[in-house]
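Have a look at the structure below before the remarks.
Atoms considered below: every heavy atom in the structure, side chains included; atoms not considered: hydrogens, waters and symmetry mates. One-based numbering, in listed order, for ligands and for the atoms of each.
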Amino acid sequence: MIKIDNLTKRFGSTISLDKVSIEFKKNNSVALMGANGAGKTTLIRSILGYYHPNSGSIAVNGFDPIKEREEVLKDISFVPQLPPPIKLNIDELIGYIQRSANIKREIILDYANEMKLDIKSNIHKSFFKLSGGMKQKLLIAISLARESNIMIFDEPTANLDPKARDDFYRLLNGKQKDKVLLFVTHRLEEVKDLVNREVYMDLGKVVSDEKL
Ligand SMILES: Nc1ncnc2c1ncn2[C@@H]1O[C@H](COP(=O)(O)OP(=O)(O)O)[C@@H](O)[C@H]1O
Ligand SMILES: [Mg+2]
């Protein structure tokens with residue numbers, strides 16, 4: 001579903017991705033690992049069409065993330081490493097997601113409830129005023145509600161307490177069937193029941209790629 005060929009991305013003199021070639025197919029649930037600065041987030045942002053590569057190509061379901069971004073994003077659920085600075089309040093944000101991605105409000109609220117996020121008493125609070133953990137829980141609830149064929153999580157649990165992490169892993173488990181799951185993490189032991197492939201990056205290259 002995702003095919004990356006000889007992808008290079010530079011920022012000035014920094015090479016963040018160095019001729020990366022990798023493919024993610026249906027039923028691949030991948031733990032993407034590597035030291036800070038290895039290029040994991042750059043790879044993900046390139047898949048999402050957020051960065052223009054210097055050379056090489058990416059196809060997501062056959063579409064180009066730059067030229068056909070809308071088609072690409074249609075099928076991807078994504079939780080970023082850092083929550084975006086959204087000015088909408090929770091009510092407006094859920095309304096927006098509901099309309100733009102055609103997801104039922106109740107489904108988002110159900111997942112939020114499972115993540116122990118109290119939406120009711122925060123419904124008129126703006127997203128950017130929520131705590132880091134609350135933002136992450138809401139983004140996770142939205143991503144789970146979307147039911148996309150490609151699910152990408154970039155260190156989504158950094159702001160979550162252990163209980164919330166367990167809730168998230170429990171909700172995610174079983175959803176990988178017929179999908180691609182890319183999970184950036186520093187904690188393989190936490191996700192090992194969720195994943196069946198382990199990819200390590202270092203200095204902009206894929207240095208190991210193993211089935212579990
Ligand atoms: N927007 C950017 N501008 C400049 N440098 C960047 C940018 N994004 C990433 N980099 C650089 O690319 C390298 C890889 O970063 P990143 O993909 O965030 O690594 P990881 O997610 O594995 O920690 C780092 O050296 C980082 O400083
Ligand atoms: Mg990163």
Is it true that the side chains of D75 and S148 contain a donor and an acceptor less than 3.5 Å apart?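 Note: D75 and S148 side chains miss the donor-acceptor criterion.
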For S143 and S77, does a side-chain donor sit closer than 3.5 Å to a side-chain acceptor?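 Result is no, nothing qualifies.
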Is D91 reaching over with its side chain to a backbone N or O of I123, donor-acceptor style, under 3.5 angstrom?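 Absent.
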Counting N and O atoms only, with roles assigned by atom type, does the side chain of R197 sit under 3.5 Å from a partner on the main chain of N28, one being a donor and the other an acceptor? no
Residue and atom names of protein N/O/S atoms that fall under 2.8 Å from the Mg ion (ligand 2): T41 OG1, Q81 OE1
With a 6.0 Å cut-off (strictly less than), is the heavy-atom count around CD of E70, excluding the residue itself, greater than 12? no
Using the benzene-type ring in the case of Trp, are the ring centres of Y51 and F11 under 6.0 Å apart?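 Ring centres of F11 and Y51 closer than 6.0 Å.
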Enumerate the protein residues lying less than 4.0 Å from ligand 1, judged by heavy-atom distances, in chain and residue-number order.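 Those residues closer than 4.0 Å to ligand 1 by some heavy atom are F11, T14, S16, A35, N36, G37, A38, G39, K40, T41, T42, Y51.
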If you measure from the Lys or Arg side-chain nitrogens to the Asp or Glu carboxylate oxygens, is any gap between E147 and K179 under 4.0 Å?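 Yes.
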Please evaluate residues Y111 and F168 with respect to the criterion ring pair (Phe, Tyr, Trp, His ring centres under 6.0 Å), reporting the C-alpha separation (whole Å), side-chain torsions for both, the decisive distance (0.1 Å), and the verdict. CA-CA 9 Å; Y111 279 117; F168 175 38; over 10 Å; no
List the steps, then state whether side chain to side chain contact (heavy atoms under 4.5 Å, CB included) holds for H186 with N36. CA-CA 9 Å; H186 292 292; N36 292 327; 3.6 Å; yes
